[in-house]
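See below for the structure under consideration.
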Amino acid sequence: MPRPFRFGVNMLAIDTGAAWREKCRRAEALGYDVLLVPDHLGMPAPFPALVAAAEATERPRVGTFVLNAGFFPPALLAREVATTDALTGGRLELGLGTGYVRAEFEAAGLPWGTPGERVDHLVRTVEELDRLLGDPEHVPRAVQRPRPPLLIGGNGPRMLRLAAERAEIAAFTGGRQAPGKPEGTLELLPAEELAASVARYQGYAAGRPEPAELNILVQRVLVTDDRRAAAREIAAMGVGLDEEQALEAPTLLIGTVRQMAEQLRERRERYGFSYVTVLDPCLEAFAPVLEELRGS
């Protein structure tokens with residue numbers, strides 16, 4: 001049997017505290033299962049935003065999507081995670097990544113390093129979180145034992161192996177650095193390349209006692225009766241896909257509500273994506289698709 005769908009929304013901005021809480025309550029009312037916050041300079045600090053989200057709502061879980069591990073020494077991160085899990089009543093899901101924007105590291109006065117060094121730091125972070133949060137003597141104490149569920153996002157072989165070995169949720173961004181564009185500018189992967197990443201992950205995960213949940217971040221939700229015309233417009237934006245590729249990319253949803261629901265069912269069957277995240281500009285547009293798929 002396929003894993004049931006779960007739906008998250010990645011919320012990018014805070015105008016006021018009241019507006020933030022109202023947006024969280026609106027997402028809950030629309031049926032979203034997880035309220036998520038990214039980790040970039042110029043965006044909300046993740047942990048206080050998640051505590052406020054949990055206080056404003058009753059049902060959804062809250063999570064980082066994804067936390068930049070390079071911003072945190074592991075022991076300080078363990079304190080943040082345990083405190084946030086306690087304050088949210090055990091609703092926290094911890095998403096971790098290496099970070100991919102050099103300018104943010106430089107602005108924070110942190111070493112950028114090589115890709116390998118950033119992955120090394122993430123590996124050490126995961127090991128330390130498991131050790132510290134799993135210690136019954138650690139203070140503060142997380143509600144969830146031995147630690148909150150871990151999501152790891154990335155596409156490279158080492159990241160996929162780490163997700164397969166240590167994470168309860170594996171997240172596939174479906175993007176990469178756009179050639180010839182400023183660092184941190186992403187283009188979307190065509191379906192066949194994302195399928196290759198999933199296959200590589202599945203190979204690493206073959207020995208898991210329990211399969212992980214697989215996540216996909218949907219970059220755009222385009223409600224239309226003319227899928228091809230919308231795909232043509234997307235291709236013209238220079239996102240790394242041609243028209244045919246845009247129609248098939250798992251990071252895009254294009255069509256009527258029913259068509260988009262069918263696309264997600266097909267992608268769950270093909271790739272295993274049962275946990276679907278959208279960006280908050282798509283909060284309302286995606287809600288009818290969520291309703292169509294609720295309970296399936």
* Is there a side chain to side chain contact (heavy atoms under 4.5 Å, CB included) between L194 and I216 once you walk through the steps? -> CA-CA 10 Å; L194 191 53; I216 186 67; 3.8 Å; yes
* Structure fact -> For L247, the hydrophobic cluster (side chain heavy atoms closer than 4.5 Å, chained through members) also holds none
* Asked: Side chain of E28, backbone of R59: donor and acceptor closer than 3.5 Å?
  -> yes
* **Sequence-distant partners of E128, salt bridge (Lys or Arg N to Asp or Glu O under 4.0 Å), two or more places apart** => R131
* Structure fact -> Exactly one of V143, L129, V81 clears side-chain contact (heavy atoms from CB on, under 4.5 Å) with P148, and that residue is V81
* Heavy-atom donor-acceptor pair, R145 side chain to L133 backbone, under 3.5 Å -> yes
* Asked: Given side chains that start at C-beta, do those of R161 and E165 come closer than 4.5 Å, heavy atoms only?
  -> yes
* Asked: How are the rings of F172 and F273 set to each other: parallel, tilted or perpendicular (split at 30° and 60°)?
  -> tilted
* Return the set of residues passing ring-ring contact (aromatic ring centres under 6.0 Å, His included) with Y275 (not counting sequence neighbours), or none when no residue passes. => none
* Would D130 and R166 pass as an ion pair if we require N to O under 4.0 Å? -> yes
* Stepwise salt bridge (charged side-chain N to carboxylate O under 4.0 Å, His left out) test for D120 and R158 -> CA-CA 9 Å; D120 288 343; R158 288 188 68 197; 2.7 Å; yes
* **Presence of salt bridge, E244 and R228, under 4.0 angstrom** => yes
* Asked: So, the side chain of D225 versus the backbone of T256: is there a donor-acceptor pair under 3.5 Å, distance only?
  -> no
* Asked: Between the main-chain N or O of E266 and the side-chain N or O of R270, is there a donor-acceptor pair closer than 3.5 Å?
  -> no
* Asked: Can any side-chain N or O of R118 pair as donor or acceptor with the backbone N or O of G113 at less than 3.5 Å?
  -> yes
* Test side-chain hydrogen bond (donor to acceptor under 3.5 Å, both in side chains) applied to T277 - qualifying residues, sequence neighbours left out -> N215
* Asked: Do side-chain atoms of E213 reach the backbone of A170 as a donor and acceptor pair under 3.5 angstrom?
  -> no
* Asked: Residues in ring-ring contact (aromatic ring centres under 6.0 Å, His included) with H40, at least two apart?
  -> Y100
* Asked: Is the shortest side-chain N to carboxylate O distance from E168 to R147 below 4.0 Å?
  -> yes
* Evaluate side-chain hydrogen bond (donor to acceptor under 3.5 Å, both in side chains) for D39 paired with T64, printing each intermediate quantity in order. => CA-CA 7 Å; D39 186 19; T64 54; over 6 Å; no
* Asked: Taking NZ, NE, NH1 and NH2 as the nitrogens, is one of them in R294 or E291 under 4.0 Å from a carboxylate oxygen of the other?
  -> yes
* To do: Enumerate the residue pairs fulfilling ring pair (Phe, Tyr, Trp, His ring centres under 6.0 Å) with a member in residues 2-38, sequence neighbours excluded, ordered by first and then second residue.
  => F5-F7, F7-F286
